[in-house]
Amino acid sequence: MSGPAPARRLLVPLGVLVLLLAAPPFVSSYVLTLLTQSVIYAIVAMSLDLLLGYLGLASLGHAAYMGVGAYSVGILATRHGAGFGTILAVGVVLALALAAVFGLLALRATGVYFLMITLALGMVGWGLAYRWNSLTGGDNGISGVPRPALPLPWSLGEALPFYYFALAGFLLSLGGLWVIVHSPFGKSLVGIRESETRMRTLGYHVWLHKYVGFVIAGGVAGAGGVLWAYYNGFVSPADLELGTSVEVLLMVALGGRGTLLGPALGAGIIVLLKNLVSVYTHRWLLILGAAYIGTIVYAPEGIVGAVRRLAEGPAPAPARPEA
Amino acid sequence: MTRKLTLGLVVALGLAVAVAPPPAWAQQKGPIKIGFIAPMTGGAAQVGKDMVNGLMMYLAEHGNQIAGRKVEVIVEDNQGSPAVALTKLRKLVESDKVQVLAGGLFAHVGYALAPKVDEYKVPMLYPVMAADDLTQRKPTKWVVRTGWTSSQPSHPFGEYAAKTLGYKKVVTIGMDYAFGYEVIGGFQKTFEEHGGQIIQKLWAPIGTTDFAPYLSQIRKDADAVFALMVAVSSLRFPKQYENAGLKARLPLIGGGTTFDEFVLPSLGDEAIGGMSPLIYSAAIDTPINKKFVKDYRAKFGKVPSYYSETCYTAGRWIDEAAKAINGDLENREKFLAALRKVEIPDAPRGPIKLDAYGNPVQNIYIRKVEKKDGELWNTVLKVYPNVTQFWNYKPDAFMKDPVYSRDYPPCKYC
């Protein structure tokens, strides 16, 4: 990263940000709902990026944290009439707590074994949602979740204010995660990804670093889940399915892991592809599949990674984590 | 002779045109847009196809016109997921500006869509989604259920099993989710009120294909087994039941989806004798149904399932309501009121009208799988006419009880 690169690199994201802020009043209401979905999924994808991109740990259980956040909304808002602040706090704390428990189990392994354990834990989350009828309503889910009533001049029941509300959540998460990955702590996560043994010899507490990273990722995903449930007005075990975890993982891979903005972009692309292409053809899964394969073959570092490489010329190939 | 006939036809046509010019309102407005949500990809894609076929067939038979206006159907794939269904609902209402919605499969999709439909104030027909509470404890103004409640066919069947079949002790095995609880719960309630006993309840997760662990648990002192299977499980269960040596000893009865026309073509002789109740059977012996089955077969190469029939009838439902208000679908309150007033005396499945809570009052058919001309059919053994979702109970008293669940009614004789 030499010379004027940082300034130039900020240009595109800033352009996108201006678009995200300025364009929505002018797009059709359907596109607006897709944008809202995108920014919410972007939060979850970025939180997973902390694991996959910065720690080199591919998790297939991320939907569980999102689900905890979502069910906090479903249960507290419909049965206890709790306000947004309380729910957000409870949702995030519960997601952190769940990640703290899951982390103890999952971080004993790396690579494929880590993947399998997180997959199993994710399924535990789904199983609880599905079977704990008295709490979660089982398969029927919880419907009729009201939008948060905040002391704002706009009602969040409307599509546009809710979009900006979600966008604010996205920007806050992005800011928080950006600070984390650029802090000494974040740098040490990258160090661990590149070589655990070297970091250990340097005196770092490797496990604790990973653990803290894992728990933070869970908490941020929980916040995403809170927004997701408010957006849909509905929570069901389908939100915790393996498919959701896989989709988030693909968002990270497609956009470019270890870049934060890449996964956010990946989230946008996948949400838009899924919903816009399926209007024209019922074979939209083929197109989505082709997009994944194309990315893996031609841009294994994801879209943002590929663009950076093109912009900066061939960089010395960094050692890739073997997750 | 031929010339005379031609002349006569021309005159008749001329008269028809002169006497009945297309009404003015039909000319002024654009097409009627129907937004249809169904799973077109994923595990339930075949069901989605049956649903779309049913609706399309009705519209094609009527020249793609409803109340003199052209009809446009926009089919959206929800991939079987409630969240995706919500997204598609938004698209259909906000982007396509449909006047009426229909479709949906699976109870949780129904619960997810209902509040949003109310918010949009666009009428939506639920021809398939059967979750009891949608027209019982959690009714929704803008949802018009033209299908059934999960427990509606089970109530008469419980009585039938106890009184006519004379079963005393029955073991149930069902899919472990809301639809399964409601189908089995309804059966248990009436069966036990007529002196029967449910002596064991087994639950298998949705998508189970290996039933050996469950079959080996079935109690020896049972008179019959009541199975509630859906989709892939319906395909596998009867064969495994036979292979386990149970078919010869214990009669197999079940919920309607266990032996639906949707799975029958894929089943062999192992399914023969299976008894189940439902709102429809392709073997209903009325001229209207015979014609429906014949036309459907000619068009799609298979026997219609209840998914096809209910969506076919949903098309008719929209048609009747639109006619009643002269095609003025833009007046949504009026259209909704008209939808609720529709009575169809001659649907393929029999006469239908809505009760005060918005669920169809309709015939329940007790059916038995039999082989006819090398094909399996659900021969109708008995018709319970005009059954409501509350059976013989008072609606208020019925709804004071909790909705059927894994633990309700409790298994007193287990």
Side-chain angles (χ1 to χ4, degrees), chain A residues 27-34 36-37 40-41 70 74 78 126-127 129-134 136-147 157-159 228-229 231-241 243-244 247 271-272 274-286 288, chain B residues 38-42 45 48-49 52 74-97 106-119 131-134 138 140 175-182 203 205-206 402-403 405-408:
Chain A
V27 300
S28 80
S29 55
Y30 178 56
V31 173
L32 188 63
T33 66
L34 296 184
T36 313
Q37 278 191 32
I40 296 174
Y41 258 102
T78 58
W126 173 83
Y130 189 69
R131 291 298 292 277
W132 196 344
N133 260 315
S134 53
T136 64
D139 181 56
N140 286 342
I142 301 171
S143 57
V145 177
R147 288 274 169 87
E158 302 291 320
W228 180 242
Y231 162 73
N232 272 333
F234 178 74
V235 196
S236 84
D239 293 334
L240 283 89
E241 271 172 4
T244 311
E247 206 167 76
V271 168
L272 293 179
K274 222 169 70 161
N275 291 293
L276 293 181
V277 179
S278 66
V279 171
Y280 300 103
T281 166
H282 289 311
R283 305 265 175 265
W284 59 274
L285 280 168
L286 271 180
L288 208 56
Chain B
M40 304 305 290
T41 51
K49 217 168 179 180
V52 173
I74 304 166
V75 176
E76 281 294 341
D77 173 18
N78 80 314
Q79 307 150 36
S81 139
V84 179
L86 279 168
T87 307
K88 301 296 185 180
L89 178 73
R90 290 187 171 103
K91 186 221 165 222
L92 288 169
V93 174
E94 294 181 4
S95 182
D96 299 325
K97 312 245 183 293
F106 301 136
H108 56 308
V109 174
Y111 282 121
L113 291 179
K116 202 74 202 168
V117 170
D118 252 13
E119 200 183 307
D132 281 11
D133 267 356
L134 283 169
K138 296 174 192 163
T140 312
M175 296 284 107
D176 196 356
Y177 75 125
F179 177 67
Y181 307 149
E182 291 174 3
W203 300 106
I206 304 185
V403 67
S405 67
R406 213 169 193 267
D407 318 303
Y408 184 84

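Chain letters run A, B, ... following the sequence lines, proteins first and then strands; every chain starts at 1.
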task = Determine, stepwise, if the pair Thr87(B) / Tyr30(A) fulfils side chain to side chain contact (heavy atoms under 4.5 Å, CB included).
result = CA-CA 8 Å; Thr87(B) 307; Tyr30(A) 178 56; 4.2 Å; yes
query = Side chain, backbone, both or neither: which part of Ile142(A) has a non-hydrogen atom closer than 4.5 Å to chain B?
reply = neither
request  = Please name the pair of heavy atoms, one in Tyr130(A) and one in Tyr177(B), separated by the smallest distance, quoted to 0.1 Å.
outcome  = OH-CB, 3.4 Å
key: chain B contacts, top residue of Asn275(A), Asp239(A), Leu32(A) (heavy-atom pairs, under 4.5 Å)   = Asn275(A)
query = With a 4.5 angstrom heavy-atom cut-off, which part of Asp176(B) approaches chain A: side chain, backbone, both or neither?
reply = both
ask   = What's the verdict on side chain to side chain contact (heavy atoms under 4.5 Å, CB included) for Leu34(A) and Lys91(B), showing C-alpha distance, side-chain angles and the deciding distance?
value = CA-CA 9 Å; Leu34(A) 296 184; Lys91(B) 186 221 165 222; over 6 Å; no
request  = Search all heavy atoms of Pro82(B) against all heavy atoms of Ser236(A) and return the closest pair with its distance.
outcome  = CG-OG, 3.4 Å
ask   = Taking every heavy-atom pair that is under 4.5 Å apart, which of Met40(B), Glu76(B), Glu94(B), Lys88(B) has the most such pairs with chain A?
value = Glu94(B)
key: Per-residue contact mode, Gln37(A) against chain B (heavy atom under 4.5 angstrom)   = side chain
query = Hey, does the Lys NZ or Arg CZ of Arg90(B) hover above the aromatic six-ring of Tyr231(A), less than 6.0 Å from the centre and inside 45° of the axis?
reply = yes
query = Checking heavy atoms, do the side chain of Lys138(B), its backbone, both or neither come under 4.5 Å from chain A?
reply = neither
task = Quick one: closest heavy-atom pair of Tyr111(B) and Ser143(A), and the distance?
result = O-CB, 3.2 Å
query = Quick one: what part of Ser29(A) sits under 4.5 Å from any heavy atom of chain B, side chain, backbone, both or neither?
reply = both
query = Taking the side chain as C-beta and beyond, is there a heavy-atom pair between Asn140(A) and Tyr181(B) under 4.5 Å?
reply = no
